[in-house]
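One structure is given below, encoded as structure tokens.
Each ligand, and each atom within it, is numbered from 1 in the order the structure gives.
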Amino acid sequence: EDALRLESVSKTYGERVRVTALDDVSLALPYGTFTAVMGPSGSGKSTLLNTASGLEPADSGRILVGGQQLDTSDETAATRFRRGRIGFVFQAFNLLPTLTVWQNVLLPARIAGSPVAKRHTREVLDRVGLGDRLDHRPAELSGGEQQRVAIARAIVTRPALLFADEPTGALDSARAAEVLTLLGESVREFGQTVVMVTHDPVAAAYADRVLFLADGRIVDELQAPEAAGVA
Ligand code: ADP
Ligand code: ADP
């Protein structure tokens, strides 16, 4: 059983002019793997993340998360299904400006009905290097720190699947390295499965598998030597 399976997933946009964003994509991601998705602008990377996570319905095909089929026909049920199983990290951080670091990490899980222990929250914030910034608001943090808050928020419930859309796009290379190391640790230490869209080859090198999309299809892929059992 894989953390994520896509079976012949297709997705088009538009009524008059139809754009094929995903064209018959099949994919299996085992638990505890770190996959990067690369490809030119418009190749379907965001659509892949959005449909695989159930944020957008696919037109055809099947999506299985931990062996269970994702059903987007009922939005409430889909949201409930995602909870605790699927986490997101976006480039734009999406932090709530009026809340502190502590509240930003703790509250979404509480509101979603998956309470996380305060001690565990504290550990996660220490781990991302923000243990001394708990009472600061996002505007008081650098871009890298804000991104680390967003990652802490995404991993605090330890979702089996973590989707990250350009998580390092707004960061300088030192901050990007921190964020990527953190994602790698989530994979190796907690067995989380990470799928990361990136334009940056340096970022992709942290993954153990790199998928290349073009025109809504997976046209190529690379495995890290260890992942392929060569090293
Ligand atoms: P990428 O993330 O690789 O840049 P996207 O998944 O955003 O690619 O887009 C894939 C294709 O689908 C592109 O041609 C894009 O213009 C189109 N597309 C994406 N979202 C929409 C939308 N909401 N409405 C119409 N077309 C869309
Ligand atoms: P970085 O190099 O980490 O991207 P900066 O050079 O902007 O960030 O900030 C250096 C340090 O000063 C960081 O720890 C950051 O959180 C802190 N800092 C920056 N701006 C503020 C602010 N307005 N209030 C409190 N701390 C800040």
Side-chain angles (χ1 to χ4, degrees), residues 2-29 33-65 69-76 78-79 81-82 85-95 143 146-147 150-151 154 159 161-171 176 179-180 183 187 192-224:
D2 295 303
L4 177 69
R5 278 185 79 86
L6 271 64
E7 297 176 354
S8 299
V9 172
S10 293
K11 170 87 182 170
T12 59
Y13 289 106
E15 310 260 300
R16 209 164 41 83
V17 183
R18 298 189 68 71
V19 174
T20 302
L22 285 182
D23 185 5
D24 198 29
V25 170
S26 294
L27 180 62
L29 304 182
T33 56
F34 189 173
T35 302
V37 180
M38 302 190 79
S41 179
S43 58
K45 303 182 297 296
S46 297
T47 305
L48 179 69
L49 253 54
N50 292 341
T51 52
S53 59
L55 288 178
E56 280 182 40
D59 294 341
S60 58
R62 292 209 311 160
I63 295 159
L64 297 123
V65 175
Q69 192 171 348
L70 196 61
D71 176 10
T72 51
S73 62
D74 177 347
E75 214 172 295
T76 316
T79 303
F81 182 80
R82 270 198 296 281
R85 281 195 186 84
I86 301 180
F88 296 92
V89 180
F90 299 102
Q91 185 184 328
F93 314 130
N94 288 309
L95 300 178
Q146 290 182 45
Q147 188 64 298
I151 289 178
L161 249 183
L162 188 61
F163 291 102
D165 199 350
E166 293 274 357
T168 59
L171 307 180
V179 161
L180 291 161
L183 290 174
V187 172
Q192 284 183 307
T193 302
V194 174
V195 186
M196 170 180 74
V197 166
T198 184
H199 282 105
D200 179 6
V202 175
Y206 281 75
D208 39 48
R209 185 179 180 192
V210 187
L211 303 175
F212 297 93
L213 284 190
D215 298 325
R217 291 177 152 269
I218 297 171
V219 293
D220 203 356
E221 81 167 82
L222 278 176
Q223 298 265 350

> Which of the atoms in ligand 1, numbered in the order shown and given with their element, are less than 4.0 Å from a heavy-atom of Ala21?
Replying inline: 10 (C), 11 (C), 12 (O)

> What residue and atom, counting heavy atoms only, is the protein's closest point to atom 5 (P) of ligand 1, and at what distance?
Replying inline: Thr47 OG1, 3.6 Å

> Nearest heavy-atom pair of Val197 and Pro167: which atoms, and what distance?
Replying inline: O-CD, 3.7 Å

> Does an N or O from Gly44, backbone or side chain, lie closer than 3.5 Å to an N or O of ligand 1?
Replying inline: yes

>> Show the atoms of ligand 1 that are less than 4.0 angstrom away from any heavy atom in Ser41.
In response: 4 (O)

>> Between Ile218 and Leu213, does the side-chain contact (heavy atoms from CB on, under 4.5 Å) criterion hold? Intermediate values first, please.
In response: CA-CA 5 Å; Ile218 297 171; Leu213 284 190; 3.5 Å; yes

> If we ignore angles and hydrogens, is there a donor and acceptor under 3.5 Å between the side chains of Ser73 and Asp71?
Replying inline: yes

> How far is atom 2 (O) of ligand 1 from its nearest protein heavy atom, and which residue and atom is that?
Replying inline: Ser46 N, 2.8 Å

> When you measure from atom 3 (O) of ligand 1 to every protein heavy atom, which one gives the shortest distance, and what is it?
Replying inline: Lys45 NZ, 2.8 Å

>> Which of the numbered atoms in ligand 1 are under 4.0 angstrom from any heavy atom belonging to Pro40?
In response: 3 (O)

> How close does the nearest protein non-hydrogen atom get to atom 26 (N) of ligand 1, and which residue and atom is it?
Replying inline: Tyr13 CB, 3.3 Å

> Does ligand 1 have a heavy atom under 4.0 Å from the side chain of Val19, from its backbone, from both, or from neither?
Replying inline: side chain

> Do the side chain of Thr193 and the main chain of Leu161 share a donor and acceptor less than 3.5 angstrom apart?
Replying inline: no

>> So, using salt bridge (charged side-chain N to carboxylate O under 4.0 Å, His left out) as the criterion, who are the partners of Asp23 when residues are at least two apart?
In response: Arg217

>> Pairs of nitrogen or oxygen atoms closer than 3.5 Å, one from Thr20 and one from ligand 1: do any exist?
In response: no

> How would you list, by chain and number, every residue that makes a salt bridge (charged side-chain N to carboxylate O under 4.0 Å, His left out) with Glu221, sequence neighbours excluded?
Replying inline: Arg209

>> Give the atom numbers and elements of ligand 1 that come within less than 4.0 Å of a heavy atom of Ser43.
In response: 1 (P), 3 (O), 8 (O)

> Quick one: does Gly14 get within less than 4.0 Å of ligand 1, heavy atoms only?
Replying inline: no

> When you measure from the side chain of Gln192 to the backbone N and O of Pro159, does any donor-acceptor pair fall under 3.5 Å?
Replying inline: yes

> Quick one: does Met38's side chain get under 4.5 Å of Thr198's, heavy atoms only?
Replying inline: yes

>> Can you confirm whether some protein heavy atom lies under 4.0 Å from atom 16 (O) of ligand 1, or whether none does?
In response: no

> Gly216 near ligand 1, heavy-atom distance under 4.0 Å?
Replying inline: no

> Would the number of heavy atoms belonging to other residues, nucleotides or ligands and lying under 6.0 Å from CG of Asp59 be above 12?
Replying inline: yes

> Judging by distance only, is a nitrogen or oxygen of Gly42 under 3.5 angstrom from one on ligand 1?
Replying inline: yes

> What closest approach, in Å, do Gly39 and Lys45 show between heavy atoms, and which atom pair accounts for it?
Replying inline: O-NZ, 2.8 Å

